[in-house]
Number of protein chains: 2
Amino acid sequence: MLDAAIELILEYGTEKTTLAMIGEKAGYSRGLATYRFGSKAGLYDTLCKSIGRNWLEYLKRGVDGKIGVDAMCAALDTVYQWVTDSPEDARVLQILHCGSASPGSEFQETSIGIHRRQQSDVVEWVRAGQQHGQIRQDIDVTAVAAEYVAYTSGITYLWLISADTFNFDSANQAMKNYLRTTLSV
Amino acid sequence: MLDAAIELILEYGTEKTTLAMIGEKAGYSRGLATYRFGSKAGLYDTLCKSIGRNWLEYLKRGVDGKIGVDAMCAALDTVYQWVTDSPEDARVLQILHCGSASPGSEFQETSIGIHRRQQSDVVEWVRAGQQHGQIRQDIDVTAVAAEYVAYTSGITYLWLISADTFNFDSANQAMKNYLRTTLSV
DNA sequence: AAGATACTTGCTGTCAACAAGCAAGTGATT
DNA sequence: AATCACTTGCTTGTTGACAGCAAGTATCTT
């Protein structure tokens with residue numbers, strides 16, 4: 001059922017996809033999606049959690065215990081790898097994150113949680129880098145983390161809306177270059 | 001009518017706001033919004049263009065003929081100034097940009113256009129900075145511009161979804177620091 | 001007067017959401 | 001092993017809300 005939702009969202013967007021379409025595409029009746037997930041927002045929330053979980057696991061494997069600047073650069077590579085590797089999942093997650101920006105969105109909390117989690121991960125990486133003497137002591141850790149998360153959110157968004165004309169990898173190179181030069185001791 | 005739309009979008013979001021609500025809030029009948037703008041997407045497109053135009057003018061005034069790193073830093077300050085100065089407009093524009101991310105969105109072009117315009121502005125600033133010997137010759141101009149636009153998109157998005165816990169200004173400081181140290185000759 | 005402009009009202013098809021149903025189990029009781 | 005009580009998984013009927021359209025009415029213009 002969630003797979004059917006992914007395909008339909010990619011084709012028609014979240015608004016024009018109907019619960020009946022999702023149920024029927026998955027080989028069931030028009031009513032099942034509503035029955036299982038309670039509401040359209042409920043389905044999207046479940047989908048957001050599901051893909052979000054996959055993404056965080058994928059990220060974890062990509063970073064693999066690294067700390068400091070190494071972790072941040074590895075994470076950037078992992079984002080790029082994810083969007084080339086599982087573009088459908090990445091696109092849908094980004095679309096859902098965007099949708100949750102609207103006031104009254106019922107899965108806003110889920111989306112915010114994923115971002116907060118990512119930001120706190122970055123804070124940890126930077127702190128660990130400082131403790132290992134790899135990263136300068138005088139930087140504002142949360143500001144750098146916010147900046148970093150802003151960049152990754154923004155780049156994924158830009159990739160989503162203009163995948164064809166957008167060179168994800170070269171922007172990442174610029175960002176990695178920045179991280180190495182400004183954070184290292 | 002557009003003002004009414006802004007207020008309602010801020011309170012209920014784009015989906016739960018109805019055309020009838022907009023018309024009636026503006027002191028007209030339930031049908032006028034449809035009549036004037038053709039469709040809900042048409043209204044949001046008009047609104048996106050209207051606020052987008054304001055924003056680009058505001059930005060132009062803020063940058064005021066500066067070039068190179070100065071222009072980029074001034075633009076960052078201007079973004080911050082805008083979201084503190086006209087938070088309603090900024091929030092709604094961001095919400096609309098997010099909404100346009102979904103496939104089949106009928107004002108996607110408008111939204112992409114604003115981003116493209118911003119990116120080409122940045123490219124111009126950087127090139128001018130290079131010509132004036134202020135910015136290094138060996139940097140990848142479009143990559144830096146993409147990185148910069150990604151950052152501004154991302155930071156505005158994060159501000160939108162968590163304005164309370166988010167320190168916009170300090171992230172901007174980190175970004176400005178970065179621009180000065182890595183781009184200057 | 002005759003059209004144009006600005007707005008309203010009536011209507012239709014579509015959709016989310018809900019509720020009532022049904023069929024195929026599962027498991028306890030005698 | 002046969003019956004009964006109950007659950008699970010799914011379908012179908014229905015309702016209210018909304019977008020969009022078409023046919024109006026009123027006000028202004030010339």
For a 4.5 angstrom cut-off between non-hydrogen side-chain atoms, does A:Ser153 reach B:Leu158?
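SC-SC contact between A:Ser153 and B:Leu158 confirmed.
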
Does the side chain of A:Tyr178 come within less than 4.5 Å of A:Glu147's, by heavy atoms?
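Yes - at least one pair of side-chain heavy atoms lies under 4.5 Å apart.
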
Side-chain donor/acceptor pairs under 3.5 Å, residues 79-91 of chain B, sequence neighbours excluded:
from: B:Thr84; atom 1: OG1; to: B:Tyr80; atom 2: O; distance (Å): 3.0
from: B:Thr84; atom 1: OG1; to: B:Gln81; atom 2: O; distance (Å): 3.0
from: B:Arg91; atom 1: NH2; to: B:Leu160; atom 2: O; distance (Å): 3.2

With heavy atoms under 4.0 Å as the rule, sort B:Ser39 into base, sugar-phosphate or nothing.
sugar-phosphate

For the pair made of [atom1] in [X] and [atom2] in [N], what is the distance, rounded to whole Å?
{"X": "A:Arg36", "N": "C:dA16", "atom1": "CZ", "atom2": "P", "result": "17 Å"}
{"X": "A:Tyr44", "N": "C:dA16", "atom1": "OH", "atom2": "P", "result": "8 Å"}
{"X": "B:Glu15", "N": "C:dA16", "atom1": "CD", "atom2": "C1'", "result": "12 Å"}
{"X": "A:Ile22", "N": "C:dC15", "atom1": "CD1", "atom2": "P", "result": "12 Å"}
{"X": "A:Lys40", "N": "C:dA16", "atom1": "NZ", "atom2": "C1'", "result": "8 Å"}
{"X": "A:Met21", "N": "C:dT14", "atom1": "CE", "atom2": "C1'", "result": "12 Å"}
{"X": "A:Leu43", "N": "C:dA17", "atom1": "CG", "atom2": "P", "result": "10 Å"}

Mind checking the CH2-OG1 spacing from B:Trp55 to B:Thr156? Nearest 0.5 Å is all I need.
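B:Trp55 atom CH2 to B:Thr156 atom OG1 measures 7.5 Å (nearest 0.5 Å).
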
Would you compute the distance between atom CG of A:Leu43 and atom CG of A:Leu2 and round it to the nearest 0.5 angstrom?
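One finds 6.0 Å between CG of A:Leu43 and CG of A:Leu2.
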
I'd like to know if B:Glu106 and A:Lys16 make a salt bridge, using a cut-off of under 4.0 Å between side-chain N and carboxylate O.
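Salt bridge present between B:Glu106 and A:Lys16.
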
Extract all donor-acceptor atom pairs below 3.5 Å that involve side chains of residues 62-74 of chain B and protein atoms in other chains or at least two apart in sequence.
from: B:Asp70; atom 1: OD2; to: B:Gln134; atom 2: NE2; distance (Å): 3.4

Quick test of your reading: applying side chain to side chain donor-acceptor pair (under 3.5 Å), list the pairs with at least one residue in residues 19-41 of chain B, sequence neighbours left out, ordered by first then second residue.
B:Glu7-B:Lys25

Assign each of A:Thr17 and B:Ser29 to its nearest nucleotide of DNA chain C by heavy atoms, then name whichever residue's nucleotide is nearer the 5' end.
B:Ser29

What nucleotide among C:dT8, C:dC11, C:dC15 has an atom nearest to a side-chain atom of B:Arg30?
C:dC11

Considering only heavy atoms of chain A and a distance under 4.0 Å, specify the first and last nucleotide of DNA chain D in 5' to 3' order that meet this criterion.
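That gives a stretch of D:dG9 to D:dT14.
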
Please round to 10 degrees the angle between the axis of the first five pairs and the axis of the last five pairs in the helix from C:dA1-D:dT30 to C:dT30-D:dA1.
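The two end axes of the helix from C:dA1-D:dT30 to C:dT30-D:dA1 meet at 10°.
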
Closer than 4.0 Å, any side-chain N/O of B:Tyr35 to the OP1 or OP2 of C:dC7?
no

Just jot down the ring pair (Phe, Tyr, Trp, His ring centres under 6.0 Å) partners of B:Tyr157, sequence neighbours excluded, or say none.
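B:Tyr157: ring pair (Phe, Tyr, Trp, His ring centres under 6.0 Å) contacts with A:His115.
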
